[in-house]
Amino acid sequence: MALRLITDKVMMTASKFYQQAVAHELRKTGLRYEDLLNEEENDIKEALSLADLDVKTGRTRRMKRALDLNLKQKNYMDYAKNVDQETFKTEFYETMLQIRARDQEFALLNQHKK
């Protein structure tokens, strides 16, 4: 029990440092954390298909901008110094979690058919 508490505390501290490091790298390119999700996975693909058109357009533009900046070896902060990028803002992540829960429930309910 005590070992688990210590491990949880260490992992929480390490995860905060990791999150800060990821946020720093994402700010360099102008991406959000959700933009890193692989859109070829079925649940993410379905969540994106259900998302608003503005969400899809914004994601595409951020990815194209990041590719362009990477090609030019530039930093996004050079162009937009005072912009709040909302690095960890979620727009379709909740929908994706609902889709995953639905799929897990479906698999659980159909487990007797195997």
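Just the heavy atoms: all of them, side chains too, but no hydrogens, waters or symmetry mates, feed the values below. For reference, positions follow the sequence shown, starting with 1.
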Would you compute the distance between atom [atom1] of [X] and atom [atom2] of [Y] and round it to the nearest 0.5 angstrom?
X: Leu37; Y: Lys45; atom1: CG; atom2: NZ; result: 14.5 Å
X: Arg62; Y: Gln85; atom1: CZ; atom2: CD; result: 10.0 Å
X: Arg65; Y: Asp35; atom1: CZ; atom2: CG; result: 9.0 Å
X: Asp78; Y: Asn75; atom1: CG; atom2: CG; result: 5.0 Å
X: Asn38; Y: Ile44; atom1: CG; atom2: CD1; result: 6.5 Å

*Donor-acceptor contact present, side-chain Asn110 to main-chain Phe106, <3.5 Å*: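 Checked: pair present.
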
*For Arg100 and Asp43, indicate whether the former's side chain and the latter's backbone hold a donor-acceptor pair under 3.5 Å.*
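Answer holds: no.
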
*Counterpart residues, side chain to side chain contact (heavy atoms under 4.5 Å, CB included), relative to Thr60 (two or more places apart)*: Lys64

*Taking side chain to side chain contact (heavy atoms under 4.5 Å, CB included) as the test, write out the residues that go with Tyr79, two or more places apart.*
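Counting only residues at least two positions away or on another chain, Tyr79 forms a side chain to side chain contact (heavy atoms under 4.5 Å, CB included) with Leu69, Lys74.
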
*Can Glu25 and Thr29 be said to form a side chain to side chain donor-acceptor pair (under 3.5 Å), step by step?*
CA-CA 7 Å; Glu25 292 299 318; Thr29 58; over 6 Å; no

Any chance [atom1] of [X] has more than 12 other-residue heavy atoms, nucleotides or ligands included, within less than 6.0 Å?
X: Arg61; atom1: CZ; answer: no
X: Met11; atom1: CE; answer: no
X: Asp8; atom1: CG; answer: yes

*Check each of Glu34, Glu91, Glu39 against Arg59 using the salt bridge (Lys or Arg N to Asp or Glu O under 4.0 Å) test, and report the only one that passes.*
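Only one option passes, and that is Glu39.
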
*Would you please name every residue forming a salt bridge (Lys or Arg N to Asp or Glu O under 4.0 Å) with Glu105, sequence neighbours left out?*
none

*Which residues satisfy the salt bridge (Lys or Arg N to Asp or Glu O under 4.0 Å) test with Lys72, sequence neighbours excluded?*
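With sequence neighbours excluded, Lys72 shows a salt bridge (Lys or Arg N to Asp or Glu O under 4.0 Å) to Asp68, given in chain and number order.
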
*Shared-cluster residues of Met63, by chain and number - hydrophobic side chains joined below 4.5 Å*: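 Its cluster mates, by chain and number, are Tyr18, Val22, Leu26, Leu31, Tyr33, Leu36, Phe88.
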
_Intermediate values then yes/no, side-chain contact (heavy atoms from CB on, under 4.5 Å), Lys28 and Tyr76_ = CA-CA 5 Å; Lys28 284 183 183 179; Tyr76 179 66; over 6 Å; no

_No-hydrogen, no-angle side-chain donor-acceptor test under 3.5 Å, Ser15 and Gln19_ = no

*asked:* Apply side-chain contact (heavy atoms from CB on, under 4.5 Å) to residues Thr87 and Arg32 and explain how you reach the verdict.
replied: CA-CA 5 Å; Thr87 306; Arg32 289 186 181 162; 5.7 Å; no

_Test of understanding: clusters of I, L, V, M, F, W, Y form through side-chain heavy atoms closer than 4.5 Å, transitively. Do Leu97 and Ile99 belong to the same one?_
no

Could you list the donor-acceptor pairs under 3.5 angstrom formed by side chains in residues 48-55, with sequence neighbours left out?
| residue | atom | partner | partner atom | Å |
| --- | --- | --- | --- | --- |
| Ser49 | OG | Glu46 | O | 2.6 |

